[in-house]
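Right, one structure below, let's go through it.
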Amino acid sequence: MFAEIAFPTAVRRLFTYQVPEELFSISLTGKRVWVPYRNSFAIGVVVRTHERAPDFDTKFIRKVLDESPILSSELLDLTEWIHKFYFCSWGEVIQAALPAGLNFVSKTFVRIAGDPNAQSEEEQFILKEINSKQEHSHKELQKRWRNTKYLRIYKRLIREGILELWEEPDILVQPKKERWLDWNESKRREARGFLETLEKRNKWQDSLQRLIAEELPAPLKQVRERIGLSDSSLRKLSADEWIRFEEREVSSGPVDLDYDPDSIKKLNPEQQDAFHQINSAIEKEEFSNFLLYGITGSGKTEVYIHSLKKCLENGKSGIVLVPEIALTPQTVARFYKVFGDQIAVLHSRMTNRERLREWKQIEKGEKRIVIGPRSAVFAPVNNLGIIILDEEHDASYKQIDPAPRYHAREVAIVRANHSNAIVVMGSATPSMQALQMVYQKKATQLLLKKRHAEAVLPEVNIIDLTQYSGAMRGSMSVALFESISESLQKNEQVILLYNRRGFGNYIQCESCGHIPKSPESSVSLTYHKRTNMLMCHYSGYSRKADTSCEVCGSDKLLIQGSGTQKIEEELEELFPGARILRFDKDSTSNKGAHERILSKFGEKEADILVGTQLVAKGLDFPDVTTVGVIDADTEQAFPSFNSSERLYQLLSQVSGRSGRGKKKGRVFIQTRQADNPAIQFAKNHDHEGFSSQEMNFRQDLKYPPFSRLVQFVFKGKEERKVVQSTKLMEKIIQQLLPETPTLGPSSSVIGWLNGNYFWEISMKIEPERGANYMEALLEKIMETYNNWSSFSSSVVRVNINVDAQR
Ligand code: ADP
Ligand code: ZN
């Protein structure tokens with residue numbers, strides 16, 4: 001018998017191994033195995049087994065690492081689809097689908113293999129060190145001896161074969177366990193009678209008495225804290241078999257959250273209509289796809305909750321995808337209230353151990369609703385009934401780097417289709433892709449046109465900065481300034497958006513105009529006042545801020561631009577006494593910071609929240625009455641076919657943050673392009689107007705959704721070779737697909753990073769093409785490219801991005 005094995009490398013093909021006889025009786029598909037690979041060993045996943053002997057020598061599988069498959073056949077099929085459609089290796093997809101801690105990583109160890117006839121003191125030192133312990137990690141030793149004379153000698157000993165490297169699967173994260181205390185069967189009732197026979201109780205009998213009042217099983221530690229059991233009493237109680245112990249995995253589900261399933265809200269008539277259609281689709285147990293198109297605050301979340309409840313009642317599970325940033329305690333609390341412990345939350349700030357625990361509980365069916373960002377589309381739920389994509393238009397649903405470069409919307413649709421489940425895509429500003437599905441009758445549109453209860457959409461004012469430049473308070477127009485003052489006076493709240501996208505504060509020489517750039521990328525360095533540092537947000541490079549111009553030596557350096565920090569400082573001057581919170585990548589880099597800032601704002605411990613696009617998404621604060629966009633034009637800095645859509649969505653989303661409660665909201669959009677249609681449509685909350693204009697534009701130019709962009713990105717240290725490779729790809733596409741329109745070749749938006757140049761070319765493929773077509777096409781293109789190219793992949797690397805967004 002033979003097994004086809006996928007490895008988590010970029011190599012797209014599978015590898016054939018022989019199955020040893022002792023493994024014939026067990027099913028290997030979906031399990032991890034330990035096999036010889038190149039000159040060493042590696043972990044792979046068996047994706048299928050068969051009896052067709054290949055015409056080359058095969059090696060044997062050494063070990064099976066899992067008792068039961070880590071991927072169900074449903075998820076194996078799904079990962080295969082991604083492997084083909086997004087043209088990456090199957091192993092890469094499997095790795096992305098598994099929680100860290102359950103992946104394929106192996107660890108390299110070192111041991112003494114050759115004759116240690118070493119002479120020098122250093123050599124003796126190294127050998128002694130390695131002899132001292134059974135297992136020495138190669139990586140740790142290298143780290144320990146970095147920048148010392150030992151490293152070079154250590155490496156030489158490996159080359160000479162005196163030291164040998166070997167690999168073992170890395171130890172999995174073990175779920176943390178704790179001790180639980182329980183009665184031995186039936187002993188609880190006996191205990192009462194036994195105690196009654198006693199005239200006087202000693203210490204352990206006292207403990208037994210107190211145990212009767214406890215609700216068992218319970219964690220031992222908790223019980224001891226409550227009733228103070230001594231070690232000797234415990235020993236006696238268990239020796240006489242009154243009680244027993246049990247090791248259980250520590251569960252730390254959301255605590256302190258309010259669980260009240262009866263609090264589920266009664267739907268209003270509009271919501272009821274929408275839910276009615278979802279409900280009958282769930283009943284039918286056939287794939288169907290809905291676009292729940294409802295303005296912000298119209299109660300989409302309530303419709304999700306009712307739909308999930310319906311699925312649970314029918315014995316099914318559900319997945320709720322949200323943009324990572326919307327995964328706030330606020331959101332989780334709303335679902336928790338109705339579903340309690342049945343909810344599993346997955347997010348990137350969890351430790352591996354936490355994520356693995358949630359994953360196992362989902363797999364065992366202990367938790368049947370999963371909430372998480374795009375990778376939660378792979379959650380191992382049993383009996384999938386529904387996948388909900390909240391804020392369906394959000395850019396974070398597309399993974400850009402590393403591979404697999406999938407779009408969670410597409411993956412959700414394919415998964416639901418295979419499982420006869422339904423998809424609900426929710427948005428106030430649906431993407432052109434989702435609208436196209438509705439036009440083509442591949443999705444059913446459900447409309448929510450009213451905000452729940454009295455809340456009304458805010459009034460949106462466009463402030464043309466070209467007219468107002470004389471009348472500004474710092475970065476704020478007078479109108480915005482006055483609105484903020486008014487909100488503060490009434491004890492209401494303010495949200496300000498400054499979307500700097502890496503172009504924040506920077507330093508500029510007043511004499512020669514020079515702006516310091518990162519030596520590792522082509523991007524200007526951002527100035528951080530608090531630390532007096534210059535930082536590159538793309539490569540991580542940083543240095544102390546210059547005191548004089550590196551070009552002309554002048555010491556007249558200006559701080560330019562206005563990042564969120566600078567806005568924060570302005571606000572402190574303009575509104576003394578106002579409590580200000582900043583919300584951006586820098587202020588949220590610590591674990592939990594993100595939640596802390598939002599809950600502080602939610603509890604009205606701050607008046608103004610100022611931040612990047614992070615503040616635009618999904619937040620629901622009823623006391624916010626002023627929303628300001630400091631500069632709408634920064635959004636256009638990254639040119640792309642969908643930059644208008646992004647601007648429109650950003651403005652609509654941030655406007656939606658205002659006036660969510662009973663008070664009417666005011667929105668101010670400051671811009672130098674006041675007649676930009678995206679801004680005008682956003683002002684009028686006119687998504688139909690925007691989307692019909694945008695759809696015409698996309699159709700004329702054959703942009704998505706009227707095509708699918710397949711982007712080839714070339715990366716290398718020598719620009720000439722990178723450009724040459726990109727041009728070669730252009731030629732190949734023209735030859736193989738003469739009718740196919742292309743974009744580029746051009747330098748990427750960030751054309752130089754960490755010493756590498758980036759160029760790209762994209763082609764527009766018919767949007768209806770399936771996974772088999774895509775795989776065959778890209779195989780053909782890459783085969784031709786590899787034959788014709790004169791550079792190896794270590795000189796110029798190609799990355800393929802199907803469904804590219806720009
Ligand atoms: P969306 O997800 O569309 O932005 P939400 O679901 O957050 O809207 O609803 C906005 C507000 O209206 C929330 O505070 C929510 O609790 C409330 N709400 C929505 N629908 C109902 C309903 N049927 N009954 C009571 N309150 C509702
Ligand atoms: Zn200068």
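For ligands, and for the atoms within them, numbers begin at 1 and follow the listed sequence.
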| query | What residue among His407, Arg374, Arg405 forms side-chain hydrogen bond (donor to acceptor under 3.5 Å, both in side chains) with Gln399? | reply | Arg374
Pair [X]-[Y], side-chain donor/acceptor within less than 3.5 Å:
| X | Y | result |
| --- | --- | --- |
| Tyr86 | Asp803 | yes |
| Thr626 | Glu492 | no |
| Ser475 | Glu570 | yes |

| query | Any idea which atoms of ligand 1 are less than 4.0 Å away from a heavy-atom of Ser298? | reply | 3 (O), 8 (O)
| Which atoms of ligand 1 have any heavy atom of Glu302 under 4.0 Å away? | 6 (O), 15 (C), 16 (O), 19 (C), 20 (N), 21 (C)
| Residue part near ligand 1, for Asn268, under 4.0 Å between non-hydrogen atoms | backbone
| note | The answer for which part of Lys300 has a heavy atom under 4.0 Å from ligand 1 is both
| query | If you measure from each heavy atom of Gly294 to ligand 1, is any distance below 4.0 Å? | reply | no
| Of the choices His306, Glu391, Lys266, which has the non-hydrogen atom that lies closest to atom 23 (N) of ligand 1? | Lys266
| field | Side-chain touch Trp359/Leu98, heavy atoms, less than 4.5 angstrom | value | yes
